[in-house]
Amino acid sequence: MLRPGGRLVFVTPEKFTYVESSRRLRSLLSRLDMEELVFLPENTFPGRVTYPLVTVLTKRPAVGPTKLTLRSGESRSVLLHGDDSWRARIEGLSTSIPGGHRTLGQVTRRISCGVATGADAVFVVDRVSVPDGLSRFAFPTIAGRHLQEGVEEVPAKALLAPYDLEGELLPETELGPLADFLGRPDNRVRLESRTCVSRKPWYAFHDSFPIQDMMQPKLLCKDIASEPFFVVDQGGEFVPRHSVYYIVPNAPEDLATLAQYLNSEPARAFLKSHSQRAANGFFRLQSRVLKQVPIPDSLELVGEASGQLGLDGALVEAG
């Protein structure tokens, strides 16, 4: 146990400064004298994707700002307090959103990552060469690498889904030519090697297939990006795959409004200050963080006009 006045120096990943699971740790440390945070280079531990951080603290009440030594070589001092994310203060980001009493999770029907098949090499094919007889199972699909900021790109791929339009897995006897395609020796070996077959039929996706939500007008964003950005799927035509997050508003008329706001600097700053880092300075988005994005009171949404938000974020009819 550290004695009063004792000094402690330790190395951890930097994510304790912003992840939700480290709130208690931030609360504890902010009550002590954190003298310095030193952000080590990403390649400090060769072969590891990590962002190391050295923390220097003394066991005594906090007496002032903490010195930061950033990876860029810049040094400055900031006050770090409380259990909320420290990243905005560390990186000098402004996350001030006037009147942000609502959250994105409260003004939308669904925020989720796209479908995970566990075997895209089998289920994803070129749209122009969908095998004969399989067109009724084929849905235009998009992956994160196909999303570009400000560019509407028509996906060149199709997802072969052994599901009905309610999202229920079809019996193998009703798959017809799709059963033949998936059952080809090379495909079947690949499908049966997935971990999900211990609890699901051999031809099912790794995750569920909520097709009714995924095929709604929605916003799309990459799960990993150097800068968070959102594009509109106005017609609800594309099935997002696991490297894409999709956001379904309460009303399709709100798509453009939400897209403009989420692509604004305040919303991006919030996301960058709360999202985990991936390799090479990229950010890893998560449903939990997306749901927490504050929505300014000045943002008027059609989806709220005829009702009010319940405690769980669902729309409740007024009157």
**Message:** Classify the ring geometry of Phe205 against Phe123: parallel below 30°, tilted from 30° to 60°, perpendicular beyond 60°.
**Reply:** perpendicular
**Request:** Describe, in one word, how the ring planes of Phe10 and Phe16 are oriented to each other, choosing from parallel (under 30°), tilted (30 to 60°) and perpendicular (over 60°).
**Result:**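 Phe10 vs Phe16 ring planes: tilted.
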**Message:** Within the 3.5 Å criterion, strictly below it, is a donor on Asp120 or Thr117 matched to an acceptor on the partner's side chain?
**Reply:**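 Yes, side-chain donor-acceptor contact under 3.5 Å.
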**Message:** Under a 3.5 Å cutoff, is there a donor and acceptor pairing between the side chains of Ser27 and Arg23?
**Reply:** no
Would the distance check show the side chain of [X] and the main-chain N or O of [Y] forming a donor-acceptor pair, the cut-off being under 3.5 Å?
| X | Y | value |
| --- | --- | --- |
| Asp233 | Leu220 | no |
| Thr66 | Met34 | yes |
| Tyr245 | Leu219 | no |
| Thr141 | Val239 | yes |
| Lys218 | Tyr246 | no |

**Close side-chain approach of Glu14 and Arg71, heavy atoms under 4.5 Å** = yes
**Request:** Determine whether Glu91 and Ser273 make a side-chain contact, defined as any pair of heavy atoms from C-beta on separated by less than 4.5 Å.
**Result:**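 Of all side-chain heavy-atom pairs linking Ser273 with Glu91, none is under 4.5 Å.
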Least distance between heavy atoms, [X] atom then [Y] atom:
| X | Y | result |
| --- | --- | --- |
| Ser112 | Ser287 | CA-OG, 3.8 Å |
| His206 | Thr195 | CE1-OG1, 3.6 Å |
| Ile295 | Leu104 | CG1-N, 3.6 Å |

Pairwise distance [atom1]([X]) to [atom2]([Y]) - rounded to 0.5 angstrom:
| X | Y | atom1 | atom2 | answer |
| --- | --- | --- | --- | --- |
| Cys221 | Leu285 | SG | CG | 5.0 Å |
| Phe139 | Met214 | CZ | CE | 8.5 Å |
| Gln234 | Leu255 | CD | CG | 5.0 Å |

**Asked** Could you go step by step and tell me if Arg7 and Glu35 meet the salt bridge (Lys or Arg N to Asp or Glu O under 4.0 Å) rule?
**Response** CA-CA 10 Å; Arg7 172 177 278 190; Glu35 298 177 36; 2.6 Å; yes
**Prompt:** Which pairs count as salt bridge (Lys or Arg N to Asp or Glu O under 4.0 Å) when at least one residue sits in residues 201-214, sequence neighbours excluded?
**Reply:** Arg109-Asp213, Arg110-Asp213
